[in-house]
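In what follows, chains are A, B, ... by sequence order, proteins preceding strands, each numbered from 1. When reading the values below, keep in mind they use all heavy atoms of this one structure, side chains included, and skip hydrogens, waters and symmetry mates.
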Amino acid sequence: MAAPYNHREVEEKWRKIWEEKPVNVDDGKKQKYYCLDMFPYPSGNGLHVGHWRGYVISDVWSRYKLMQDYFIIHPMGWDAFGLPAENYAIKNGVHPAISTEENVNNIRKQIKQIAAIYDWDMEVNTTDPNYYKWTQWIFVQMFKKGLAYQKEMPINWCPSCKTGLANEEVVNGKCERCGADVTKKNLKQWMLKITAYADRLLSDLDTLDWPEKVKKMQTEWIGKSYGAEVDFAIDGRKEKLTVYTTRPDTLYGATFMVLAPEHELAASLASDEQKAAVEDYIYQTSLKSSVDRLQNKEKTGVFTGSYAINPMNGKQIPIWLSDYVLADYGTGAIMCVPAHDDRDFEFATKFDIPIVQVIAKDGKEIEHMTEAYTDASGTMINSGDWNGRESAELKLEAPAIIEEMGVGKKTVNYKLRDWVFSRQRYWGEPIPIVHCPDCGPVAVPEDQLPLTLPEVENYEPTGTGESPLAAMTDWVNTTCPCCGKPAKRETNTMPQWAGSSWYFLRYVDNKNDKELVSKEKADKYLPVDMYIGGVEHAVLHLLYARFWTKFLYDIGVVSFEEPFTKLFNQGMITGKNGIKMSKSKGNVISPDDLVRDYGCDSLRLYELFVGPPELDSEWDDRGIDGVYRFITKLWKLVMDHKDDGADQSPAVVKERNRLVYDITTRLENFSLNTVVSGFMEHLNNLSAMAKDKAVDTETMKVFVQLLAPFAPHISEELYHVLGNEESVFAGGWPAYDEKLMEDDTIEIAVQVNGKLRATINIAKDATKEAALADAKEALGAKLSGNVVKEIYVPGKIVNFVVK
RNA sequence: GCACGAGUGGCGGAAUUGGCAGACGCACCAGACUCAAAAUCUGGCGGGGGUGACUUCGUGAGGGUUCAAGUCCCUCCUCGUGCACCA
């Protein structure tokens, strides 16, 4: 009897050997494959089994590609700027740099337990001045190109984090980070002009091998729409009102207009009678938080007392103010066609404004309209020259007609807003700008980067809209790099997303102090072939990283426009009842004990076995016994096996071929949970065969090779036990023969009226006559009554329909 | 409100895309080994009926298409995710 399986011994042994002699080596000839994990925030809580799963998935995929003879770029790093470290500093008085370093060391140790083939020479940390030097450098390039600019406007403000937020960071009116209700605050902010890239960010989605869900979310976030701007004259005034509409075909049905209360003409349009009401409405709206405005969908509004002229029919239409019109989309003013828009219908009904139908429904005018007819198909009515035309086609032509009439133009609009880029917090990259009273904002010269984050006594956010850095007068007061006169540093810092928008570039050249990445290395190793991480970054990180990459492409740093060719979103591992693992819920499961008790290989397999990798799974510790049994069973089979002389009978060859086929196709389909069950199934088969005679060495070798990406230690050990000298990862990926997959005879089901009554073994290409004869024989007396139909689908089924 | 997912044994989940529902595993039950337990091995394991070969019902609910439906179509329920007055 061979020694029982001792996971600690085997795993430690190979870990040492792999460290001395890495299995993933760039010989200059191999093709590269870049498999990237979304790098973690080094939290003080450490890793739980959910983080582990993502890293196991990416490592399995990397090792599979390694065995297919690619050179693998598989790096790991730290997204280490951000609020938790700063909050920890506020509470405990420990500098964020210190707590961050501790956390990084701790998590690195935990990640190393996964035994992934990470190249730790490539490690990056966004808080390292040698790293954020280049984050600042990119900002400076954007500033030079006019893509980073300052603007004073009401921005999203989190009263709990005491900082401004980007649109992407506001989820249902709440702060993405802490969940507090977001308010508006008027602040002068640094903005990045992501809208200049809206079209490219949209159209290039087509080139990506990403989950449709994520592409759709980005498409909707960018929110491109086609329509027209239309000018409405204001009765008795010089100014005109311009609106944006996607339905210029309904122009004749516009019976009123609504302006956002923030519109620049809102107050001045008020007639003497309406003045008090208008001013009150504008004031009341300004008090509302964005959550209030979102939640209360009951329409409110006030009539200004002024009228506009519908340019199509010259009719006077009243101008109203209402907070359902958004100030920062389109022109902040809309034409209202209550007959064909739900919101306008609701408003018109409430305030008793006329409703004019301009598109016929089922060829007729509706007698009593109870809801808007929003279908864009039908014949135009009540529309002057346009009567009788098809609305769908007119919708496309109308912008040109309006343009010809000189009352508007064709336009597109986006929901995407520019990126509010400054944060009134300490623990982030300082924005490398000096404000000079004479020269205005001036970039810190590139040879003076990095502009390091100074140490402060007090990290506490001020809440005034100023960063804690503002109190550091020594640091703030400087001279203008342009004219040399006294000037002040920008005291806001960059958002957490800055460092993560380009880190994948830095890995491959992380020690370069001349460039953020050399052209040579970027061309050789990038872009990322496979990117693995949670879906929570679908619009935030993934949109920002695409934007920055496109910018770096434009200024010639990289020669590709999209950073991540393929994306895989792994599901979340939750605690019992689908509750997200968190320290406060007390349901966090640490991988450390499981690794100790069952070994890395078992945990790796179990992480995959819990469920489909793309779906959320509830964690249940008990199941890991199953994969542990599988591993010890395999160990015993290989250790006890004595090859009785290379039995290569067709049955043996076929089983082996089937094994390779099953595992390879399931792996290619990313069906990693069924890969594991496939291994179990085949091991059960082999164990059953082993009772009669020894399993042949070749089959065992192939089994172990296939298992290697999933359970690397035991596979490597058994591969050597089976007499191989080199590493299992150098031995290539086993091939299968498609032709051998087809059996000459197969078992098919025999049904009567669709119910299973027998099975028969039959030649796979048997004729109908032969199949039916066999089937009848198998059924015997069970086939009684009047057979009205006989169905035979070769290779599938025989079915008799009986009356 | 709109859009997209999902719903299968006690549990996690399979099902080559319309062709033998429940692979694989957990838990559980019985047996072997043991003084005993653990570990291991063997067998069983959706519900009802039958000593039995068998039989019947069964994939959230109801209806439909088909020789055949977990899979396709219609209506509805539940859960999840995204968007949420974007004109």
* Which nucleotide, in any strand shown, forms a Watson-Crick or G-U wobble pair with B:C2, with both distances under 3.5 Å? -> B:G82

* **Base-pairing assignment for B:A87 (Watson-Crick or G-U wobble, both under 3.5 Å)** =>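 Its partner: none found.
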
Would you mind classifying the nucleic acid contact of [X] as base, sugar-phosphate or nothing, using non-hydrogen atoms under 4.0 angstrom?
X      : value
A:R417 : base
A:K789 : sugar-phosphate
A:N684 : sugar-phosphate
A:S225 : sugar-phosphate

* Asked: How would you list, by chain and number, every residue that makes a ring-ring contact (aromatic ring centres under 6.0 Å, His included) with A:Y628, sequence neighbours excluded?
  ->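 So A:Y628 forms a ring-ring contact (aromatic ring centres under 6.0 Å, His included) with A:Y598.
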
* Structure fact -> The contact string for nucleotides 7-22 of chain B, one letter per nucleotide 5' to 3', using protein heavy atoms under 4.0 Å with B, S and - for base, sugar-phosphate only and none, comes out as -----BSS----BB--

* Does a distance-only test, which skips hydrogens and angles, find a donor-acceptor pair under 3.5 Å between the side chain of A:K299 and the base of B:C85? ->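 Check passes, donor-acceptor contact within cut-off.
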
* Asked: Taking O4'-C1'-N9-C4 for purines and O4'-C1'-N1-C2 for pyrimidines, is B:U17 syn (within 90° of 0) or anti?
  ->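 Here B:U17 takes the syn form, which means its glycosidic angle is within 90° of 0.
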
* For B:G9, does the O4'-C1'-N9-C4 (purine) or O4'-C1'-N1-C2 (pyrimidine) torsion place it in syn, i.e. within 90° of 0, or in anti? -> syn

* Aromatic plane relationship, A:F670 with A:F568 - under 30° parallel, 30 to 60° tilted, over 60° perpendicular -> tilted

* To do: For A:D418, enumerate each residue passing the salt bridge (Lys or Arg N to Asp or Glu O under 4.0 Å) test, keeping only those at least two apart in sequence or located in another chain.
  => none

